[in-house]
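Since the model is a prediction, treat every value here as computed from it, not as a measurement. Heavy-atom basis, side chains included; hydrogens, waters and symmetry copies ignored. Sequential numbering from 1 along the given sequence is applied to the chain's residues.
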Amino acid sequence: MSTLFTALPLRSLEIPNRIWTSPMCMYSAASEGPETGVPTDFHLTHLASRAAGGAGLVMAEATGIRPDGRITPWDLGLWNDQQQQAFARITAAIRSHGSVPAIQLNHAGRKASVDKPWLSGRYIPEAEGGWQAVAPSPEPFDGRSLPHELTVDEIQQLVGDFAESAKRALTAGFQVVELHGAHGFLINSFLSPAANHRTDSYGGSFENRLRFPLQVVDAVRAVWPDDLPVLFRTSATDWLTENPQDQRTGWTGDDTVRLAKELQAHGVDLLDVSTGGMVPDATIHVEPGYQVSYAAQVRAAAGIPTGAVGLILEPAQAEDIVATGQADAVLLGRELLRNPYWPQHAALELGAEPRWPEQYGYAVRRRGRR
(Lines give C-alpha, C1' and ligand atoms only; values in the text may rest on other atoms or scores of the structure.)
Protein backbone atom coordinates (compact mmCIF):
# COMPACT_ATOMS: atom_id res chain seq x y z
CA MET A 1 0.00 0.00 0.00
CA SER A 2 1.22 3.51 -0.80
CA THR A 3 2.03 5.46 2.36
CA LEU A 4 1.40 8.68 0.44
CA PHE A 5 -2.27 7.74 0.15
CA THR A 6 -2.89 6.85 3.77
CA ALA A 7 -4.82 9.26 5.98
CA LEU A 8 -2.99 11.55 8.38
CA PRO A 9 -4.75 12.17 11.71
CA LEU A 10 -4.26 15.63 13.21
CA ARG A 11 -6.36 16.15 16.33
CA SER A 12 -9.92 15.20 15.27
CA LEU A 13 -9.23 15.47 11.53
CA GLU A 14 -8.42 12.60 9.20
CA ILE A 15 -6.71 14.24 6.24
CA PRO A 16 -7.35 11.71 3.46
CA ASN A 17 -3.83 11.62 2.01
CA ARG A 18 -0.37 13.15 2.37
CA ILE A 19 -0.39 15.26 -0.83
CA TRP A 20 -1.32 18.81 0.10
CA THR A 21 -1.71 22.00 -1.91
CA SER A 22 0.86 24.52 -0.78
CA PRO A 23 -0.34 28.11 -0.26
CA MET A 24 0.45 30.04 -3.45
CA CYS A 25 -0.22 33.75 -3.88
CA MET A 26 -2.30 34.53 -6.95
CA TYR A 27 -2.24 38.36 -6.67
CA SER A 28 -5.76 38.43 -8.09
CA ALA A 29 -8.04 40.21 -5.62
CA ALA A 30 -9.24 43.78 -5.99
CA SER A 31 -6.64 46.25 -4.75
CA GLU A 32 -9.06 48.99 -3.69
CA GLY A 33 -12.70 49.69 -2.96
CA PRO A 34 -15.23 47.49 -1.15
CA GLU A 35 -13.93 44.29 -2.83
CA THR A 36 -10.38 44.77 -1.52
CA GLY A 37 -8.90 41.42 -0.53
CA VAL A 38 -12.13 39.54 -1.31
CA PRO A 39 -11.78 36.09 -2.93
CA THR A 40 -13.15 35.99 -6.48
CA ASP A 41 -14.46 33.36 -8.89
CA PHE A 42 -10.85 32.83 -9.93
CA HIS A 43 -9.86 31.87 -6.37
CA LEU A 44 -12.87 29.55 -6.13
CA THR A 45 -11.91 27.77 -9.36
CA HIS A 46 -8.23 27.65 -8.46
CA LEU A 47 -8.68 26.09 -5.02
CA ALA A 48 -11.65 23.83 -5.80
CA SER A 49 -9.86 22.35 -8.80
CA ARG A 50 -6.96 21.21 -6.60
CA ALA A 51 -9.49 19.49 -4.34
CA ALA A 52 -11.09 17.84 -7.38
CA GLY A 53 -7.58 16.84 -8.38
CA GLY A 54 -7.23 14.75 -5.25
CA ALA A 55 -5.11 16.83 -2.86
CA GLY A 56 -5.92 15.78 0.70
CA LEU A 57 -5.59 19.32 2.05
CA VAL A 58 -6.00 22.53 0.03
CA MET A 59 -4.49 25.64 1.56
CA ALA A 60 -5.47 29.15 0.53
CA GLU A 61 -2.67 31.57 -0.17
CA ALA A 62 -0.90 33.83 2.35
CA THR A 63 -3.85 35.94 3.45
CA GLY A 64 -3.33 39.34 5.03
CA ILE A 65 -4.60 39.77 8.58
CA ARG A 66 -4.93 43.51 7.94
CA PRO A 67 -4.61 45.83 4.92
CA ASP A 68 -0.97 46.75 5.55
CA GLY A 69 -0.12 43.08 6.14
CA ARG A 70 -0.53 42.12 2.51
CA ILE A 71 2.46 41.42 0.28
CA THR A 72 0.85 43.22 -2.65
CA PRO A 73 -2.32 45.31 -2.98
CA TRP A 74 -3.86 42.36 -4.85
CA ASP A 75 -3.49 39.79 -2.06
CA LEU A 76 -6.40 38.16 -0.28
CA GLY A 77 -7.33 39.47 3.14
CA LEU A 78 -9.37 38.31 6.09
CA TRP A 79 -10.19 41.29 8.25
CA ASN A 80 -13.85 42.01 7.36
CA ASP A 81 -17.23 40.35 6.90
CA GLN A 82 -17.25 40.51 3.10
CA GLN A 83 -13.97 38.64 2.82
CA GLN A 84 -15.16 36.08 5.36
CA GLN A 85 -18.41 35.43 3.49
CA ALA A 86 -16.61 35.02 0.16
CA PHE A 87 -14.24 32.46 1.69
CA ALA A 88 -17.22 30.43 2.92
CA ARG A 89 -18.21 29.33 -0.57
CA ILE A 90 -14.59 28.29 -1.23
CA THR A 91 -14.35 26.13 1.88
CA ALA A 92 -17.67 24.50 0.96
CA ALA A 93 -16.38 23.70 -2.52
CA ILE A 94 -13.16 22.19 -1.19
CA ARG A 95 -15.04 20.02 1.29
CA SER A 96 -17.49 18.87 -1.38
CA HIS A 97 -14.59 17.08 -3.07
CA GLY A 98 -13.51 15.33 0.14
CA SER A 99 -10.53 17.60 0.84
CA VAL A 100 -9.72 19.60 3.96
CA PRO A 101 -9.82 23.41 3.58
CA ALA A 102 -6.92 25.29 5.15
CA ILE A 103 -5.75 28.88 5.14
CA GLN A 104 -2.38 30.52 5.75
CA LEU A 105 -2.54 33.77 7.73
CA ASN A 106 0.24 36.26 7.16
CA HIS A 107 1.66 39.71 7.76
CA ALA A 108 4.26 40.62 5.17
CA GLY A 109 6.29 42.89 7.46
CA ARG A 110 9.19 44.60 5.72
CA LYS A 111 8.41 42.78 2.45
CA ALA A 112 4.98 44.41 2.09
CA SER A 113 3.60 46.81 -0.52
CA VAL A 114 5.16 45.49 -3.72
CA ASP A 115 3.96 45.09 -7.29
CA LYS A 116 2.80 41.83 -8.85
CA PRO A 117 5.87 39.66 -9.54
CA TRP A 118 5.06 39.25 -13.24
CA LEU A 119 4.95 43.05 -13.64
CA SER A 120 7.88 44.50 -11.73
CA GLY A 121 7.90 43.25 -8.13
CA ARG A 122 9.10 46.70 -7.12
CA TYR A 123 8.18 48.46 -3.91
CA ILE A 124 5.00 50.56 -4.28
CA PRO A 125 5.33 53.80 -2.29
CA GLU A 126 2.45 55.36 -0.40
CA ALA A 127 2.08 58.06 -3.08
CA GLU A 128 1.21 55.30 -5.59
CA GLY A 129 -1.27 53.42 -3.41
CA GLY A 130 1.17 51.46 -1.28
CA TRP A 131 1.76 51.71 2.44
CA GLN A 132 4.41 51.95 5.13
CA ALA A 133 6.07 48.62 5.81
CA VAL A 134 6.66 47.58 9.42
CA ALA A 135 9.28 45.32 11.01
CA PRO A 136 10.90 44.43 14.32
CA SER A 137 13.81 46.69 13.39
CA PRO A 138 14.28 49.52 10.86
CA GLU A 139 16.16 47.26 8.45
CA PRO A 140 14.97 47.49 4.82
CA PHE A 141 14.69 44.42 2.61
CA ASP A 142 16.73 44.56 -0.59
CA GLY A 143 17.06 48.33 -0.77
CA ARG A 144 13.36 49.06 -0.24
CA SER A 145 12.13 51.90 1.94
CA LEU A 146 12.97 51.94 5.64
CA PRO A 147 10.28 50.02 7.57
CA HIS A 148 8.68 51.44 10.68
CA GLU A 149 10.04 49.81 13.84
CA LEU A 150 7.07 48.37 15.71
CA THR A 151 6.37 49.56 19.22
CA VAL A 152 5.42 47.10 21.94
CA ASP A 153 1.81 48.31 21.79
CA GLU A 154 1.76 47.79 18.01
CA ILE A 155 3.17 44.29 18.45
CA GLN A 156 0.37 43.45 20.85
CA GLN A 157 -2.18 44.81 18.38
CA LEU A 158 -0.77 42.50 15.71
CA VAL A 159 -1.09 39.51 18.04
CA GLY A 160 -4.78 40.36 18.38
CA ASP A 161 -5.13 40.84 14.62
CA PHE A 162 -3.87 37.30 13.97
CA ALA A 163 -6.41 35.95 16.45
CA GLU A 164 -9.26 37.93 14.89
CA SER A 165 -8.43 36.61 11.43
CA ALA A 166 -8.28 33.08 12.81
CA LYS A 167 -11.78 33.50 14.27
CA ARG A 168 -13.01 34.68 10.88
CA ALA A 169 -11.32 31.72 9.20
CA LEU A 170 -13.17 29.32 11.48
CA THR A 171 -16.50 31.00 10.78
CA ALA A 172 -15.75 30.81 7.05
CA GLY A 173 -15.43 27.02 7.30
CA PHE A 174 -11.68 26.42 7.38
CA GLN A 175 -10.63 23.35 9.36
CA VAL A 176 -6.90 24.08 9.49
CA VAL A 177 -5.10 27.38 10.05
CA GLU A 178 -1.42 27.88 9.28
CA LEU A 179 0.67 30.79 10.57
CA HIS A 180 3.21 32.05 8.07
CA GLY A 181 6.50 32.20 9.93
CA ALA A 182 8.76 31.85 6.89
CA HIS A 183 10.30 33.63 3.89
CA GLY A 184 11.29 36.85 5.59
CA PHE A 185 7.78 38.01 6.42
CA LEU A 186 6.89 39.53 9.77
CA ILE A 187 6.90 36.51 12.09
CA ASN A 188 10.04 35.16 10.45
CA SER A 189 11.79 38.53 10.74
CA PHE A 190 11.28 38.49 14.51
CA LEU A 191 12.91 35.05 14.70
CA SER A 192 16.03 35.73 12.64
CA PRO A 193 19.03 37.69 13.95
CA ALA A 194 19.55 38.82 10.36
CA ALA A 195 16.46 41.06 10.66
CA ASN A 196 15.75 41.46 14.38
CA HIS A 197 18.15 43.88 16.05
CA ARG A 198 15.87 44.95 18.91
CA THR A 199 17.26 45.42 22.41
CA ASP A 200 13.97 45.04 24.31
CA SER A 201 12.09 41.89 25.30
CA TYR A 202 11.35 41.11 21.63
CA GLY A 203 14.96 40.96 20.47
CA GLY A 204 18.47 39.86 21.32
CA SER A 205 18.36 36.41 22.89
CA PHE A 206 16.84 33.37 21.22
CA GLU A 207 14.05 33.34 23.79
CA ASN A 208 13.24 37.01 23.18
CA ARG A 209 13.15 36.55 19.41
CA LEU A 210 10.61 33.75 19.91
CA ARG A 211 8.36 35.93 22.06
CA PHE A 212 6.19 37.45 19.30
CA PRO A 213 5.77 34.22 17.28
CA LEU A 214 4.76 32.30 20.40
CA GLN A 215 2.36 35.04 21.47
CA VAL A 216 0.71 34.80 18.05
CA VAL A 217 0.47 31.02 18.35
CA ASP A 218 -1.03 31.29 21.83
CA ALA A 219 -3.58 33.90 20.71
CA VAL A 220 -4.65 31.82 17.71
CA ARG A 221 -4.73 28.57 19.66
CA ALA A 222 -6.97 30.30 22.24
CA VAL A 223 -9.65 31.05 19.61
CA TRP A 224 -9.18 27.93 17.50
CA PRO A 225 -11.06 24.77 18.54
CA ASP A 226 -9.10 22.22 20.55
CA ASP A 227 -10.10 19.49 18.11
CA LEU A 228 -8.74 21.28 15.01
CA PRO A 229 -5.04 21.64 14.10
CA VAL A 230 -2.83 24.72 13.91
CA LEU A 231 0.18 24.56 11.57
CA PHE A 232 3.24 26.80 11.37
CA ARG A 233 5.34 27.40 8.27
CA THR A 234 8.98 28.11 8.98
CA SER A 235 12.12 28.90 7.05
CA ALA A 236 14.42 26.30 8.55
CA THR A 237 17.51 28.25 7.49
CA ASP A 238 18.34 31.69 6.13
CA TRP A 239 21.19 30.00 4.21
CA LEU A 240 23.68 32.34 5.92
CA THR A 241 25.32 30.85 9.04
CA GLU A 242 25.35 27.40 7.47
CA ASN A 243 27.21 28.72 4.42
CA PRO A 244 30.96 28.90 5.23
CA GLN A 245 31.46 31.52 2.51
CA ASP A 246 28.88 33.89 4.05
CA GLN A 247 29.97 35.89 7.09
CA ARG A 248 26.46 37.01 8.08
CA THR A 249 24.64 35.49 11.04
CA GLY A 250 21.21 34.05 10.40
CA TRP A 251 18.68 31.46 11.48
CA THR A 252 19.81 27.82 11.30
CA GLY A 253 18.44 24.29 11.17
CA ASP A 254 19.42 23.77 14.82
CA ASP A 255 17.46 26.92 15.72
CA THR A 256 14.46 25.42 13.95
CA VAL A 257 14.64 22.28 16.08
CA ARG A 258 14.54 24.45 19.20
CA LEU A 259 11.66 26.47 17.76
CA ALA A 260 9.75 23.30 16.85
CA LYS A 261 9.88 22.03 20.43
CA GLU A 262 8.49 25.33 21.70
CA LEU A 263 5.78 25.45 19.04
CA GLN A 264 4.65 21.94 19.87
CA ALA A 265 4.47 22.84 23.56
CA HIS A 266 2.25 25.80 22.61
CA GLY A 267 -0.19 23.69 20.59
CA VAL A 268 1.17 23.62 17.04
CA ASP A 269 0.41 20.28 15.40
CA LEU A 270 2.66 20.24 12.32
CA LEU A 271 5.64 22.26 11.11
CA ASP A 272 5.54 23.14 7.40
CA VAL A 273 9.26 23.32 6.65
CA SER A 274 10.54 25.62 3.93
CA THR A 275 13.76 27.69 3.81
CA GLY A 276 15.13 31.07 2.78
CA GLY A 277 13.55 34.41 1.95
CA MET A 278 15.24 36.48 4.66
CA VAL A 279 17.82 38.07 2.38
CA PRO A 280 17.71 38.26 -1.42
CA ASP A 281 21.33 37.24 -2.07
CA ALA A 282 21.74 34.06 -0.03
CA THR A 283 23.50 31.23 -1.82
CA ILE A 284 21.05 28.34 -2.23
CA HIS A 285 21.88 25.14 -4.07
CA VAL A 286 18.52 24.24 -5.59
CA GLU A 287 17.84 20.67 -6.65
CA PRO A 288 14.92 18.24 -6.35
CA GLY A 289 14.03 17.80 -2.70
CA TYR A 290 16.67 20.29 -1.53
CA GLN A 291 14.64 21.32 1.54
CA VAL A 292 13.45 17.88 2.62
CA SER A 293 16.43 17.22 4.91
CA TYR A 294 15.31 20.09 7.15
CA ALA A 295 11.86 18.57 7.56
CA ALA A 296 13.52 15.26 8.38
CA GLN A 297 15.85 16.89 10.92
CA VAL A 298 13.00 18.60 12.76
CA ARG A 299 10.81 15.50 12.73
CA ALA A 300 13.58 13.33 14.16
CA ALA A 301 14.96 15.77 16.72
CA ALA A 302 11.78 17.50 17.93
CA GLY A 303 9.23 14.72 17.48
CA ILE A 304 6.72 16.99 15.74
CA PRO A 305 4.98 16.02 12.48
CA THR A 306 6.38 17.90 9.48
CA GLY A 307 5.48 18.79 5.93
CA ALA A 308 8.17 18.85 3.24
CA VAL A 309 8.30 21.28 0.33
CA GLY A 310 10.53 22.29 -2.55
CA LEU A 311 10.95 20.70 -5.97
CA ILE A 312 9.03 17.56 -5.13
CA LEU A 313 8.25 16.55 -8.67
CA GLU A 314 7.62 12.83 -9.05
CA PRO A 315 5.20 10.45 -7.28
CA ALA A 316 7.98 8.00 -6.39
CA GLN A 317 9.98 10.85 -4.84
CA ALA A 318 6.98 11.98 -2.77
CA GLU A 319 6.26 8.40 -1.71
CA ASP A 320 9.85 7.92 -0.55
CA ILE A 321 9.79 11.10 1.55
CA VAL A 322 6.73 9.98 3.47
CA ALA A 323 7.38 6.23 3.55
CA THR A 324 10.89 6.64 4.96
CA GLY A 325 9.75 9.04 7.67
CA GLN A 326 11.44 12.17 6.38
CA ALA A 327 8.11 14.01 6.62
CA ASP A 328 4.46 13.27 7.27
CA ALA A 329 3.14 15.08 4.20
CA VAL A 330 4.39 16.80 1.05
CA LEU A 331 3.14 20.21 -0.02
CA LEU A 332 3.20 20.81 -3.75
CA GLY A 333 3.05 24.22 -5.37
CA ARG A 334 4.06 24.66 -8.99
CA GLU A 335 3.54 20.99 -9.80
CA LEU A 336 -0.14 21.43 -8.91
CA LEU A 337 -0.29 24.57 -11.05
CA ARG A 338 1.04 22.59 -13.98
CA ASN A 339 -1.28 19.67 -13.29
CA PRO A 340 -4.12 19.96 -10.75
CA TYR A 341 -4.71 16.21 -11.14
CA TRP A 342 -1.19 15.23 -10.09
CA PRO A 343 -2.51 13.35 -7.02
CA GLN A 344 -4.90 11.27 -9.15
CA HIS A 345 -2.12 10.29 -11.54
CA ALA A 346 0.24 9.64 -8.62
CA ALA A 347 -2.32 7.23 -7.16
CA LEU A 348 -2.39 5.28 -10.41
CA GLU A 349 1.40 5.17 -10.56
CA LEU A 350 1.74 4.01 -6.95
CA GLY A 351 -1.03 1.42 -7.03
CA ALA A 352 -3.50 3.38 -4.90
CA GLU A 353 -7.11 4.19 -5.70
CA PRO A 354 -7.61 7.63 -7.33
CA ARG A 355 -10.17 9.87 -5.65
CA TRP A 356 -11.91 11.14 -8.78
CA PRO A 357 -15.09 13.20 -8.48
CA GLU A 358 -17.89 10.81 -9.39
CA GLN A 359 -18.72 12.96 -12.43
CA TYR A 360 -15.21 12.20 -13.76
CA GLY A 361 -14.61 8.74 -12.34
CA TYR A 362 -17.20 6.83 -14.32
CA ALA A 363 -15.86 8.25 -17.59
CA VAL A 364 -12.24 7.58 -16.67
CA ARG A 365 -13.01 3.99 -15.72
CA ARG A 366 -14.87 3.42 -19.01
CA ARG A 367 -11.59 4.18 -20.78
CA GLY A 368 -9.86 1.41 -18.85
CA ARG A 369 -8.15 3.65 -16.29
CA ARG A 370 -9.00 3.53 -12.59
Cluster check L13, W224: I/L/V/M/F/W/Y, side chain < 4.5 angstrom: yes
If you round to the nearest 0.5 Å, how far is CZ of R221 from CG of L263? 12.0 Å
side-chain hydrogen bond (donor to acceptor under 3.5 Å, both in side chains) for D238 and S192? Distances and angles first, verdict last. CA-CA 8 Å; D238 293 336; S192 175; 2.6 Å; yes
Can you confirm whether F141 sits close enough to Y123 that some side-chain heavy atom of one is under 4.5 Å from a side-chain heavy atom of the other? no
Could you verify whether a donor N or O on one side chain and an acceptor N or O on the other, from D161 and Q157, lie under 3.5 Å apart? yes
Can you tell if the side chain of R233 reaches within under 4.5 Å of the side chain of L271, non-hydrogen atoms only? no
Counting only N and O atoms by type, is there a donor-acceptor contact under 3.5 Å from the side chain of W131 to the main-chain atoms of D68? yes
If you measure from the Lys or Arg side-chain nitrogens to the Asp or Glu carboxylate oxygens, is any gap between D81 and R168 under 4.0 Å? yes
Q264 side chain vs K261 backbone, donor-acceptor pair below 3.5 Å: no
Salt-bridge test for E207 and R258: reply yes if a basic N is under 4.0 Å from a carboxylate O, no otherwise. yes
Salt bridge check, R211 against D200: does any charged N sit closer than 4.0 Å to a carboxylate O? no
Are D255 and R209 ion-paired here, with the side-chain N under 4.0 Å from a carboxylate O? no
Would you check if L311 and E287 make a side-chain contact, meaning some heavy-atom pair closer than 4.5 Å? no
Before giving the answer on ring-ring contact (aromatic ring centres under 6.0 Å, His included), spell out for F206 and W251 the whole-Å C-alpha distance, their side-chain angles and the decisive distance to 0.1 Å. CA-CA 10 Å; F206 181 84; W251 184 261; 5.7 Å; yes
Would you mind reporting whether L191 and N196 have side-chain heavy atoms less than 4.5 Å apart? no
V134 and P147: which non-hydrogen atoms are nearest, and at how many Å? C-CB, 4.0 Å
Value for CD (E349) from CG (L4), rounded to nearest 0.5 Å, stands at 10.5 Å
With no hydrogens and no angle check, is any side-chain donor or acceptor of R110 less than 3.5 Å from a backbone partner on E139? yes
Do D281 and R248 make a side-chain contact, defined as non-hydrogen atoms from C-beta onward lying under 4.5 Å apart? yes
Side chain S99, main chain A55, donor-acceptor under 3.5 Å: yes
Return the minimal non-hydrogen interatomic distance between G56 and I15, and the atom names on each side. O-CG2, 3.7 Å
Could you tell me whether E128 and R122 have a side-chain N and a carboxylate O separated by less than 4.0 Å? yes
Just by distance, do the side chain of Q344 and the backbone of R355 share a donor-acceptor pair under 3.5 Å? yes
What heavy-atom pair brings V114 and P73 nearest, and what distance separates the two atoms? O-CD, 3.4 Å
Which heavy atom of T63 sits nearest a heavy atom of E61, and at what distance? OG1-O, 2.7 Å
Is there a side-chain contact between T256 and Y294 (heavy atoms, below 4.5 Å)? no
Can you tell me how far OH of Y290 sits from CD1 of I284, rounded to the nearest 0.5 angstrom? 6.0 Å
N/O donor-acceptor pair under 3.5 Å between R70 side chain and R66 backbone: no
Using every non-hydrogen atom in the two residues, find where D115 and S120 come nearest and quote the distance to one decimal. OD2-OG, 2.8 Å
For V230, is there any backbone N or O sitting under 3.5 Å from a side-chain donor or acceptor partner on D269? yes
Could you tell me whether the side chain of I187 reaches within less than 4.5 Å of the side chain of F232, counting heavy atoms only? yes
When you compare the side chain of F162 with that of Q215, does any pair of heavy atoms fall below 4.5 Å? no
T241 side chain to G250 main-chain N or O, any donor-acceptor pair under 3.5 Å? yes
In sequence, state the C-alpha distance, the side-chain angles, and the governing distance for E149 and S137, and then conclude on side-chain hydrogen bond (donor to acceptor under 3.5 Å, both in side chains). CA-CA 5 Å; E149 182 176 18; S137 302; 4.7 Å; no
If you group Ile, Leu, Val, Met, Phe, Trp and Tyr by side-chain heavy-atom gaps below 4.5 Å, do V268 and L270 land in one group? yes
Has the side chain of S113 got a donor or acceptor atom that lies under 3.5 Å from a matching backbone atom of I124? yes
Atom pair CD1 (I19) and OG (S2), whose distance is rounded to the nearest 0.5 Å: 7.5 Å
